[in-house]
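Inspection log for the structure reproduced underneath, given as structure tokens.
The figures that follow rest on heavy atoms only: side chains count, while hydrogens, waters and symmetry mates do not.
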Amino acid sequence: MVQSGTFDVSLLDATGSACDSVSTLTSLSVDGQPVTLTGAAPCFDFSTQLNSRWGLNIITGTAHNQAGAASTFAQSYLRSPQFSAAAAAAKATSPARAAATAQSVPDGFYVQLNQPLIDDNNRNDVDDIATLVDRVLNGTDLNTLLPTTLVNTYGTHTCDCVYPLDPITVYNTSYRVTRGHLTYGVWAVYGIQVNNGHLDVDISLYGPISAPVSVQGWLDPTCVVACVDRSPGITANVTGTVHADQVIVTTSADIKVQNGVPVVTLCQGCGSVSLVNPQLDIDWGPLQFLDGPLGLTNIANTIVTSFQGQIENAIASLIANTVPEIVSSAVDGFKPAPTLILPPPMNTVLNVESSFDILDVSGTYPDGHVNAGISVSVTPATPVENGAFGSIRRGGNIPIFGTSQYALGMGMKDDLLNQVLWAAWSGGAFEQQNLSVDGCNAPGGQPVRISAMLPPVVMPGTGDHQIDIGFGDIYLEAGPPPGATVTASASASGSVGLYASMIVGGTITIDPDTDHFILTPAANPDLHVQIVTADANADIGALTSQYHDFLACLLPKLLTLIVDTIPAPSPPIGALDVPGIPADARWGFSNGTVARQDPYTTVTGNVVVK
């Protein structure tokens, strides 16, 4: 890895030596350009300048000697002015292994939630946040949130009677009102709209809202009467109904990042909860005795006021607990899963850590939207490769999405994909013994072992390609492992050792069912093979051609297997415990459209439950 130059093509000074112990070298070309040899046989020095693109570069060369023989070489290197930080700390229990840590990729995933994902005004499908809130509210029993006592003024006092009469405890003139089961209509989330940096929330609870009430009253007999009659006083009970037309809720919510997670708060003092037209229907009958001392109209007003206060306070608390929780959890669900498991033959586990960099609410309805930048760090669970550098890094501007054409826009940054590839390499995904991949047959059916010197790298595409991916140097050995008996199935050419480097164009799309990314490599990659070990009588040209074709199949497939494990952010709404939604339900793209906004691969579309 070379930390040098710019993100554009840069000149790189290269020096080296070329040796031939059999015949004196007469010429050398590097990357198709002749270079001057200095010094004396058998080894000559040379220096040149290379046009070096950002990312992986393959150096090729050809040397000729006086005997007319030619020798070729192909080696690769990574160049960038910037790499992620990597730290290696050798463990005493395993000196050959070290723990690598990766610097987070800022805005590794960048998402934009447009108004239809916040609220599409359709409660028949659960493809927006407002419908989640609606489902939770309609699954909540208000009776569990309300006290059963509306008013209670009941009390007693003691009368000290004249001797020989004993003292007696008598009622205060008072009453107690208790509520029965509250019935009501349905909740309706009229709208959650993105407006001027916040979310405007408009919710109603339809009526009739009604509950039976029981009123028990007590009348103080006065101590003069009680001491003589030996009675605590008069008591009676009547029933009635409290009811209202509906409840109207308006509020506003702010969303911000706090300690890497989305936090939603309802503004204080800018909203309201109103019980519309609360009334009491009751026949006071036997409680007429309370009219004189307390006033039945006053009692009725107190009951209605208490009913209204309890309903409004309970609903205010319910909204304050529900809206922020659902909104923040839905947004937080766009973080990637904490683990990536690479499939066979790699069988490598990658750990993923993520947090929110930014949350920005902007625009006005219906073009308002919420933008979220998610910082992501990917590391191998069990590192086996380490170096001074972490993953290659290029940075770049965040993507720009429309506001009305779709519900969701999402971008995956090249730096994040490069960190996944680096973590796979660091975790030993490309350290393979007896490698076998379906559809790619090694020449002669020999066992194949590979070791990657560098991680694969995603680079800006050339030609018609969205991206280019560089992969090299890969060291390959073919043939029986050391000490093994050569079998009849082994190639007649025996064991082979080679280096290979490849740059292949590619296109990234998305699986419409799983929402995993799909890499489609271009045909005919730019692949270079340098045979460094072979039997003395081997046909180097034939071997080079055979292994070129094998590696042109194998290496793109290995890259495809890794990219195909990466899912687009897909909030697990089933984990929100919303009534009627399966526990494994998630949001995914509907007819997702993949495009390229360098350095991001973007996906836009509507959202469905999967």
query: Looking only at heavy atoms, what is the nearest atom pair of Ala236 and Phe289, with distance?
result: CB-CE2, 3.9 Å
message: Salt bridge or not between Asp414 and Arg394? Use side-chain N to carboxylate O under 4.0 Å.
response: yes
List, one per line, each side-chain donor-acceptor pair under 3.5 Å for residues 330-337, sequence neighbours excluded.
unit_1, atom_1, unit_2, atom_2, d
Asp332, OD1, Lys335, NZ, 3.4

- request: May I ask you to test the Asn606-Asp127 pair for a side-chain heavy-atom distance under 4.5 Å?
  value: no
- prompt: What are the two closest non-hydrogen atoms of Asn143 and Arg179, and how far apart are they?
  reply: OD1-NH1, 3.0 Å
message: What I'd like to find out is whether the side chain of His157 reaches to under 4.5 Å of the side chain of Asp220, using heavy atoms alone.
response: yes
- prompt: Taking C-beta and beyond as the side chain, do Thr379 and Leu350 meet within less than 4.5 Å on heavy atoms?
  reply: no
message: Going by side-chain hydrogen bond (donor to acceptor under 3.5 Å, both in side chains), Arg596 matches just one of Thr507, Thr601, Thr602. Which one?
response: Thr601
task: Answer yes or no: is there an ion pair linking Lys413 with Asp598, defined by an N-O contact shorter than 4.0 Å?
output: no
- request: Evaluate the side-chain proximity of Asp515 to Ile510: yes if any heavy-atom separation is below 4.5 Å, no if none is.
  value: yes
- request: Enumerate the residue pairs fulfilling salt bridge (Lys or Arg N to Asp or Glu O under 4.0 Å) with a member in residues 135-154, sequence neighbours excluded, ordered by first and then second residue.
  value: none
field: Whether Asp245 side chain and Asn277 backbone form a donor-acceptor pair below 3.5 Å
entry: no
- line: For Gln115 and Pro366, the nearest pair of non-hydrogen atoms, with its separation, is CB-O, 3.5 Å
Ile341 atom CD1, neighbour heavy-atom count above 12 within 6.0 Å: no
List, one per line, each side-chain donor-acceptor pair under 3.5 Å for residues 317-329, sequence neighbours excluded.
unit_1, atom_1, unit_2, atom_2, d
Asn321, ND2, Ser317, O, 3.1
Thr322, OG1, Leu318, O, 2.8
Glu325, OE2, Ser329, OG, 3.0
Ser328, OG, Pro324, O, 2.7
Ser328, OG, Glu325, O, 3.2
Ser329, OG, Glu325, O, 2.8

- request: I would like to know whether Cys223 and Cys159 meet disulfide (SG to SG under 2.5 Å); could you show each step before the answer?
  value: CA-CA 5 Å; Cys223 287; Cys159 292; 2.0 Å; yes
task: Name all residues meeting the side chain to side chain contact (heavy atoms under 4.5 Å, CB included) criterion together with Val238; count only those two or more places apart in sequence or in a different chain, and write none if there are none.
output: Val215, Ile282, Trp284, Pro286, Leu287
Tell me which donor-acceptor pairs under 3.5 Å the side chains of residues 402-411 have, and how far apart each pair is, sequence neighbours excluded?
unit_1, atom_1, unit_2, atom_2, d
Gln405, OE1, Thr403, N, 3.4
Tyr406, OH, Gly402, N, 2.6

For residues 263-276, tabulate all N or O donor-acceptor pairs below 3.5 Å that involve a side-chain atom, not counting sequence neighbours.
unit_1, atom_1, unit_2, atom_2, d
Gln268, NE2, Leu266, O, 3.4
Ser272, OG, Thr250, OG1, 3.2

- prompt: Is there a donor-acceptor pair under 3.5 Å between the side chain of Thr183 and the backbone N or O of Ser210?
  reply: yes
- prompt: Listed by chain and number, what are the side chain to side chain contact (heavy atoms under 4.5 Å, CB included) partners of Pro293, not counting sequence neighbours?
  reply: Thr173, Leu219
- line: For Asp357 and Ser375 the tightest heavy-atom approach is OD1-CB, 3.1 Å
query: Between Trp218 and Tyr154, does a ring-ring contact (aromatic ring centres under 6.0 Å, His included) hold up when you go through it step by step?
result: CA-CA 8 Å; Trp218 296 270; Tyr154 172 74; 4.3 Å; yes
query: If only atom types and distance count, is the side chain of Thr514 paired as donor or acceptor with the main-chain N or O of His516 below 3.5 Å?
result: yes
- prompt: Could you give all pairs that pass the salt bridge (Lys or Arg N to Asp or Glu O under 4.0 Å) test and reach residues 264-292, with sequence neighbours left out?
  reply: none
- line: So side-chain hydrogen bond (donor to acceptor under 3.5 Å, both in side chains) across residues 561-573, not counting sequence neighbours, yields Ser570-Arg586
query: What are the two closest heavy atoms between Val126 and Val609, and how far apart are they?
result: O-CG2, 3.1 Å
Heavy-atom pair of closest approach, residues Leu359 and Pro262: CD1-CB, 3.4 Å
task: Go through the structure and list residues passing side chain to side chain contact (heavy atoms under 4.5 Å, CB included) with Asn298, not counting sequence neighbours.
output: none
field: side-chain hydrogen bond (donor to acceptor under 3.5 Å, both in side chains) pairs, two or more places apart, involving residues 303-312
entry: Gln308-Glu312
message: Could you work out, with salt bridge (Lys or Arg N to Asp or Glu O under 4.0 Å) as the rule, every residue matching Asp107, not counting sequence neighbours?
response: none
query: Within the side chain of Thr140, is there an N or O that forms a donor-acceptor pair under 3.5 Å with the backbone of Val136?
result: yes
- request: Determine yes or no for a side-chain-to-main-chain donor-acceptor pair under 3.5 angstrom, with Asp134 supplying the side chain and Val189 the backbone.
  value: yes
